[in-house]
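Every chain is numbered from 1, with letters handed out A, B, ... down the list of sequences. Computed from a prediction, not measured in an experiment: that's the story for all the values here.
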2 protein chains.
Amino acid sequence: MELEEAKQRFIQGWGQLGASWGINRTMAQIQALLLISTKPLSTDEIMEKLMISRGNANMNIRDLIAWGLVYKSFIPGDRKEYYYSEKSMWELAKKVSRERKKRELEPLVRMLDEVKAVKGNDDETKAFRALAEDVRKMAGRAESMLDMVTRLEENVFFKWLTK
Amino acid sequence: MELEEAKQRFIQGWGQLGASWGINRTMAQIQALLLISTKPLSTDEIMEKLMISRGNANMNIRDLIAWGLVYKSFIPGDRKEYYYSEKSMWELAKKVSRERKKRELEPLVRMLDEVKAVKGNDDETKAFRALAEDVRKMAGRAESMLDMVTRLEENVFFKWLTK
DNA sequence: CCAAACTTTCAGAAAATATTGAAACTATAA
DNA sequence: TTATAGTTTCAATATTTTCTGAAAGTTTGG
């Protein structure tokens, strides 16, 4: 396979993955493009390579920066802004898991803690409360796993478990 | 909070979560409804409680069954089919992670193994190959983590890590 | 076999999401 | 200042995803 084709496939595949993770396809593709680029790219270069509009490029770059996955870079004597991706897979995984935890797990846990406070003592209510507790416990476990990713990359147990 | 309101919130919240996980909202809501129901429900009951059409209900129930999250149940002397959810959080987590691994991680790994075979020996190609290796390694780790969820619920290290 | 009860399918409609492109905005150099 | 280069915003549009409802299909009891 030629390098250009390989790059193209990588960008497509990464976009696909992003899509099934609730991250929009273009955002994931821009990230992929920057990831495989050896130098920072300008908005115009991104637009051209992915054949997308300026507005689209700008918005998605902004989101990538907000997620901490992409950085700005300035070249002396050039007025354009250039962008480059975080290249460390560990850093990327950490940032994504931190962001998703904030966006999904935390609202879930808030909801569960609220509904657990349902009043009543009949069997149906008790069963519901028990279920909410159960889900809450599982959410807590998921949170712990994400925290592991966030913090414990050098942890020997973790290394052993994922080796 | 009253039981009915709590249930409603649970269904909404679960649907929300599903949505940001690439699972469609209705599918997640049906699952939530069955999860909090003390008895199996028929298609008509699901349609009524969630105010959705028969077609929609049917398709999403089918998917839930395909994921192994929901089962059919037959009541003697009744021609209707009734549905109930897997209630064990561990089982649910296992099944979801198994399914997502199949749908997302495996295609990613296939893609990576393909593009790693890119030919050439210039610096740019080498850098690309190294990146693909790197992503591949991270995918392998993610796979291991999912396998942990799938198999190691009694594993003492896992318990310790997520306690 | 037929008819009633129930389930499945799927083309078109509706809703949700993503994208465009041009105008407004901002920063810089002269 | 003003002209220019570059960035951001957002209403309109296009695309994708989900949902509906009616017709077709299936199963069962008589």
Side-chain angles (χ1 to χ4, degrees), chain A residues 11-12 14-34 40-67 69-84 100 103-104, chain B residues 11-12 14-34 40-67 69-84 100 103-104:
Chain A
I11 290 171
Q12 295 309 320
W14 199 257
Q16 204 58 41
L17 185 73
S20 57
W21 268 73
I23 289 162
N24 104 26
R25 188 191 305 301
T26 303
M27 181 169 156
Q29 287 182 342
I30 294 175
Q31 215 269 312
L33 177 64
L34 295 175
L41 301 180
S42 68
T43 301
D44 291 82
E45 289 167 311
I46 293 168
M47 286 166 61
E48 195 203 320
K49 299 229 187 193
L50 299 181
M51 306 209 294
I52 59 176
S53 72
R54 184 171 302 283
N56 196 9
N58 185 273
M59 279 177 149
N60 284 109
I61 291 169
R62 167 138 67 37
D63 286 348
L64 283 167
I65 291 173
W67 279 58
L69 305 177
V70 160
Y71 309 108
K72 283 190 186 183
S73 145
F74 297 93
I75 295 180
D78 190 336
R79 268 159 75 171
K80 274 206 190 67
E81 292 177 350
Y82 290 81
Y83 307 97
Y84 63 100
R100 292 184 70 86
R103 295 184 183 211
E104 290 148 33
Chain B
I11 291 171
Q12 294 309 320
W14 198 257
Q16 203 60 41
L17 185 74
S20 57
W21 269 74
I23 289 162
N24 104 29
R25 186 190 307 300
T26 304
M27 181 169 155
Q29 287 182 343
I30 293 175
Q31 215 269 312
L33 178 64
L34 294 176
L41 301 180
S42 68
T43 301
D44 291 81
E45 289 167 312
I46 293 169
M47 284 165 61
E48 194 202 323
K49 298 230 186 192
L50 299 181
M51 305 208 293
I52 58 176
S53 71
R54 186 172 302 284
N56 194 9
N58 184 274
M59 279 174 150
N60 285 110
I61 291 168
R62 165 136 72 35
D63 287 349
L64 283 167
I65 292 173
W67 280 58
L69 305 177
V70 160
Y71 309 107
K72 284 189 186 185
S73 146
F74 297 92
I75 294 180
D78 189 337
R79 265 158 79 170
K80 275 205 190 65
E81 292 178 349
Y82 290 81
Y83 307 97
Y84 63 98
R100 293 185 69 87
R103 294 183 184 213
E104 290 148 33

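When all heavy atoms of B/Ile61 and B/Ile46 are compared, the closest pair comes out as CD1-CD1, 3.8 Å. Taking all atoms of both residues into account, the shortest heavy-atom contact from A/Leu33 to A/Ile11 is CD1-CD1, 3.9 Å. Pairing each heavy atom of A/Glu45 with each of A/Pro40, the nearest pair is OE1-O, 4.2 Å.
Within residues 18-28 of chain B, no residue is approached by DNA chain C to less than 4.0 Å at the level of any non-hydrogen atom. Across residues 54-64 of chain B, B/Arg54, B/Gly55, B/Asn58, B/Met59, B/Arg62 each have a non-hydrogen atom less than 4.0 Å from an atom of DNA chain C (numbered order).
For the pair A/Met51 CE and D/dA14 C1', the computed distance is 16 Å after rounding to whole Å. Distance CD1 (A/Ile52) to C1' (D/dT7): 15 Å, rounded to an integer number of Å. Rounding to whole angstrom units, OH of residue A/Tyr83 and P of D/dG6 are separated by 12 Å. Across the protein-nucleic acid pair, B/Glu81 atom CD and D/dG25 atom P stand 19 Å apart, rounded to whole Å.
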Trace of the side-chain contact (heavy atoms from CB on, under 4.5 Å) decision for B/Leu34 with B/Leu69: CA-CA 10 Å; B/Leu34 294 176; B/Leu69 305 177; over 6 Å; no

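Not counting sequence neighbours, A/Phe74 has no partner by the ring-ring contact (aromatic ring centres under 6.0 Å, His included) test. Every residue two or more places apart in sequence or in another chain was checked for a side chain to side chain contact (heavy atoms under 4.5 Å, CB included) with A/Glu48, and none qualifies. The salt bridge (Lys or Arg N to Asp or Glu O under 4.0 Å) check on B/Lys72 picks up B/Glu81, with sequence neighbours excluded. For B/Glu104, the side-chain hydrogen bond (donor to acceptor under 3.5 Å, both in side chains) partners are A/Trp21, B/Arg100, not counting sequence neighbours. B/Arg103 is linked by a side chain to side chain contact (heavy atoms under 4.5 Å, CB included) to B/Trp67, B/Glu99, counting only residues two or more places apart in sequence or in another chain. Residues satisfying the side chain to side chain contact (heavy atoms under 4.5 Å, CB included) criterion with B/Ile75, sequence neighbours excluded, are B/Asp78, B/Tyr82.
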Quiz: residues 22-30 of chain B side-chain donor-acceptor pairs under 3.5 angstrom, not counting sequence neighbours:
unit_1  : atom_1 : unit_2  : atom_2 : d
B/Asn24 : OD1    : B/Thr26 : N      : 2.8
B/Asn24 : OD1    : B/Met27 : N      : 3.0
B/Gln29 : NE2    : B/Gln12 : OE1    : 3.4

Between the protein and nucleotides 27-30 of chain D, are there any N/O to N/O pairs under 3.5 Å, and if so, what are the atom names and distances?
unit_1 : atom_1 : unit_2  : atom_2 : d
D/dT27 : O2     : B/Arg79 : NH2    : 3.3

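The outermost nucleotides of DNA chain C lying under 4.0 Å from heavy atoms of chain B, listed 5' to 3', are C/dA4 to C/dC10.
Sorted by first and then second residue, the side chain to side chain donor-acceptor pair (under 3.5 Å) pairs with a member in residues 52-62 of chain A read A/Asp44-A/Arg54; sequence neighbours excluded.
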